[in-house]
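Written below as structure tokens is the structure these notes are about.
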Amino acid sequence: MNLPNKITMFRLIMVPVLLATALIPFNYHWSVTLVVYFLACMSDRVDGNIARKRNLVTDFGKLMDPLSDKSLVMTAFIIMLSNGYCDAVCFSLMLAREFLVSGIRMIACTKGKVIAANAFGKAKTFLQMSSTGLVFLSLAISEGPEINFDILHIAASVMFWIACIVSVLSGIKYTKDGWYLIESK
């Protein structure tokens, strides 16, 4: 397994760590959650850069990188949802898109093809990671002295919906681009 793929696996391993730091209350657990989430999100950037720079792009990476991103981001959204920071409709639409695209990717795999992330998918992931990161930042700041950072929650709510719209558009694009795989028998 090459270095970018190991970094991708690191991101998957961080999912239960993220859940534990967010859901188990201890002093400054939101600050720890923010650091864990930031490291996991940054690993997405790092593995892609290394893979492209060193020509280490693999089919495993093309398939597992987006799945590890989905696992991380959807876990963050579940944490947001359980704490009242994300709308259930928004989350449901993004989750449906993830299942749709994963299904298209699975069909492609059965036909010997790998569908890598496109620009729409990368923008969606960036917006999802940024919006959830803003909430984690706000929660971490709130653990300190009495400072009100409601503006971060408002900004994150707006970003959630922008991410939702981009997610839906991305799902439409993947469906359009992969329709020939679904249509052919």
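Residue indices begin at 1 and follow the sequence shown.
- Leu18 is not connected to Leu39 by any chain of hydrophobic side-chain contacts under 4.5 Å among Ile, Leu, Val, Met, Phe, Trp and Tyr, and they are in different clusters.
- Residues Val36 and Leu12 do not share a hydrophobic cluster, clusters being chains of Ile/Leu/Val/Met/Phe/Trp/Tyr side chains in contact below 4.5 Å.
- The shortest distance between side-chain heavy atoms of Tyr37 and Val73 falls below 4.5 Å.
- With contacts defined as side-chain heavy-atom distances shorter than 4.5 Å, the pair Leu67/Ser102 qualifies.
- Rounding to the nearest 0.5 Å places SG of Cys90 at 10.5 Å from CD1 of Ile162.
- Of all the heavy atoms in Ala155 and Leu134, the pair that sits closest is CB-CD1, 4.2 Å.
- When side chains are defined from C-beta on, Leu137 does not count as touching Trp30, because their heavy atoms never get closer than 4.5 Å.
- A distance of 11.5 Å separates NZ in Lys113 from SG in Cys109, rounded to the nearest 0.5 Å.
- We find the CZ-CG distance between Phe10 and Asn5 to be 15.0 Å, quoted to the nearest 0.5 Å.
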Could you walk me through whether Gln128 and Val166 satisfy the side chain to side chain contact (heavy atoms under 4.5 Å, CB included) test, starting with their C-alpha distance in whole Å, then the side-chain angles of each, then the deciding distance to 0.1 Å, before giving a yes or no?
CA-CA 10 Å; Gln128 289 175 333; Val166 172; over 6 Å; no
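- The shortest distance between side-chain heavy atoms of Met9 and Phe60 falls below 4.5 Å.
- At a threshold of 4.5 Å between non-hydrogen side-chain atoms, the residues Arg97 and Lys70 count as touching.
- To the nearest 0.5 Å, atom OH of residue Tyr174 and atom CG of residue Asp177 are 9.0 Å apart.
- For the residue pair Glu143 and Ser31, the shortest heavy atom distance occurs at OE1-OG, 2.7 Å.
- With respect to the salt-bridge test (charged N to carboxylate O, under 4.0 angstrom), the residues Asp65 and Arg11 qualify.
- The nearest pair of heavy atoms linking Asn118 to Gly121 is OD1-N, 2.8 Å.
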Step by step, work out the side chain to side chain contact (heavy atoms under 4.5 Å, CB included) result for Arg105 and Lys62.
CA-CA 10 Å; Arg105 283 192 170 122; Lys62 288 179 190 174; over 6 Å; no
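- Here the side chains of Asp87 and Trp161 are in contact, with some heavy-atom distance below 4.5 Å.
- Ser138 contributes no side-chain N or O that, together with a main-chain N or O of Val135, makes up a donor-acceptor pair within less than 3.5 Å.
- A pairwise comparison of heavy atoms in Thr21 and His29 identifies O-ND1, 2.9 Å as the closest pair.
- Residues Trp179 and Leu100 share a hydrophobic cluster, clusters being chains of Ile/Leu/Val/Met/Phe/Trp/Tyr side chains in contact below 4.5 Å.
- The shortest distance between side-chain heavy atoms of Phe99 and Ile104 does not fall below 4.5 Å.
- Between Phe120 and Lys124, every side-chain heavy-atom pair lies at or beyond the 4.5 Å cut-off.
- Of the N and O atoms on the side chains of Thr8 and Asp47, at least one donor lies less than 3.5 Å from an acceptor on the other residue.
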Verdict with reasoning, Cys41 to Leu72, per side chain to side chain contact (heavy atoms under 4.5 Å, CB included)
CA-CA 8 Å; Cys41 288; Leu72 177 67; 4.0 Å; yes
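- The ring of Phe160 has its center no closer than 6.0 angstrom to the ring center of Phe91.
- For the residue pair Pro66 and Leu63, the shortest heavy atom distance occurs at CD-O, 3.4 Å.
- Cluster annotation: Leu3 and Ile13 are assigned to distinct hydrophobic clusters (Ile/Leu/Val/Met/Phe/Trp/Tyr, side-chain heavy-atom contacts under 4.5 Å, transitive).
- Under a 3.5 Å cut-off, the side chain of Ser131 and the backbone N or O of Leu127 do form a donor-acceptor pair.
- Atom CD1 of Ile151 is separated from atom CD1 of Ile154 by 5.0 Å, given to the nearest 0.5 angstrom.
- Taking both residues in full, the closest heavy atoms of Asn2 and Leu56 are given as ND2-O, 3.1 Å, listed atom of the first, atom of the second, then distance.
- The distance from the CZ atom of Arg45 to the CD1 atom of Ile7 is 13.5 Å, given to the nearest 0.5 Å.
- At a threshold of 4.5 Å between side-chain heavy atoms, the hydrophobic network of Ile, Leu, Val, Met, Phe, Trp and Tyr places Met74 and Leu23 in one connected group.
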